[in-house]
Amino acid sequence: MTTDTGTFAKASVRDAEVEGRRVLVRVDFNVPLEDGAVADDTRIRAALPTIELLRERGGALILTSHLGRPEDREPELSLAPVAARLSELVGAEVPLAPGLVGPEVERQAAAMSEGELLLLENSRFEPGETANDPGLAKTLAALADVYVNDAFGAAHRAHATNEGVAHHLPASAGLLLEREVLELTAVRDDPARPLCVVLGGAKVSDKVGVLERFLEVADRLLIGGAMCFAFFRAQGIGTGDSLVEEDGVELAERALARAEESSCELWLPHDLVIADEFAADAERREIENTAVPDGWMGLDVGPRTAGEYAEAIAEAGTVFWNGPMGAFELEPFAAGTRTVAEAVAAAPGTTVVGGGDSVAALTEFGLADRVDWLSTGGGASLELMEGRELPGVEALDDA
Ligand code: ADP
Ligand code: MG
């Protein structure tokens, strides 16, 4: 287990003065919904330590989050199901305000007392949110006396609820956001060696920043997922009907060139599972090489590759995994991802996993609690790993 491995340069919620004050708390309640209910409450639970701390200290909490990508006020993207689930988790009533700002919201906020909770409606119903509108940030700030940001998953965006508003109030980091930054920064800057990074998923372009960064700092970089076909195309190997990201080929070529210069080993699959279509009942074959014939597509790494990746994971002092090894949603093509997930769960080194689908895969395999740190932030964790500043973190007060 990693614990507090580093120092965090931003003000912490632990030191915030909240007694008898209204605290605006930016949380990441961007959760999956099914039939009008929360399908996975991981992100809500992850915010509970900060919420409990602030309630115990006598704050009145005004919670704000976005949900999905609404074009306008889409009723199916209301936070009502989230308010209901949160209410169950904290054992207290959590009313849902009709909007992010406005006279009724102001009235509800003004009437709150110590320990009470209020959830503001989906912040992206307000067009000024993603535009980081200064007027909106100011109006929002006027609802509260103090601001806390615990929404690590949104920290790579400069929006009104997580960037603009922080400039108008005493602003500190919540417990989850702080821990995310510490855990991920430790892997990037101070890993126990060897550092083994496993990258998969759909697109090279999503992950090229992390890939190039880790070619500098990792000892082994293992590539899987559809991403590998951009590399094979760059190497002149046939990819058949596999998902190849055209823009990724040049990026892959550049990464291959960098790997030549680097002391980091870049591993690519050398066997594959192929199918004649993207479907669970497709015809399935294992091939001993990576040349995908015409009319076929690669949907998983082969068993030999998965086994070698598992060994590298077992030998590592630190493992960072982002992105599944194949189309794991289809059971016949989940084996590579499962082998990697099991290796990560069993690894003696420090293990950190980021990325929505990789975390979903671990959860599906029942292995989520066997990893040292599961990041709640996909895009945010990648940008942090790349070494980019996260606007949601930068905007907070310095410690
Ligand atoms: P994460 O969310 O963990 O960062 P990504 O979103 O980058 O991961 O990629 C996950 C998606 O990539 C999954 O939907 C998976 O089906 C898809 N995928 C992985 N390998 C393949 C493949 N060989 N062919 C098609 N899709 C793939
Ligand atoms: Mg994803």
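Just follow the structure's listing: the first ligand is 1, and inside any ligand the first atom is 1.
- Near ligand 1, residues G201, A202, K207, G225, A226, F229, L243, F278, G298, L299, N322, G323, P324, G326, A327, E329, G355, G356, D357, S358 come within 4.0 angstrom through at least one heavy atom.
- Ionic pairing of E245 and K203 is not present here: no N-O contact between side-chain nitrogen and carboxylate oxygen is shorter than 4.0 angstrom.
- Ion pairing between a basic and an acidic side chain is recognised when a charged N comes within 4.0 Å of a carboxylate O; K10 and D15 show no such pairing.
- The existence of a salt bridge linking R124 and E129 is excluded, since no basic side-chain nitrogen approaches an acidic carboxylate oxygen closer than 4.0 Å.
- Under the 3.5 Å distance criterion, the side-chain polar atoms of D372 are matched with a main-chain donor or acceptor of T351.
- In this structure D357 satisfies the side chain to side chain donor-acceptor pair (under 3.5 Å) test with no other residue, sequence neighbours excluded.
- Only protein N, O or S atoms were considered, and those under 2.8 Å from the Mg ion (ligand 2) are D357 OD2.
- No side-chain donor-acceptor contact under 3.5 Å links T376 and R43.
- For E286, the side chain to side chain donor-acceptor pair (under 3.5 Å) test picks out R284, with sequence neighbours left out.
- In this structure, CZ in R14 is found 11.5 Å from CG in L54, a value given to the nearest 0.5 Å.
- More than 12 heavy-atom neighbours from other residues, nucleotides or ligands sit within 6.0 angstrom of CD on E74.
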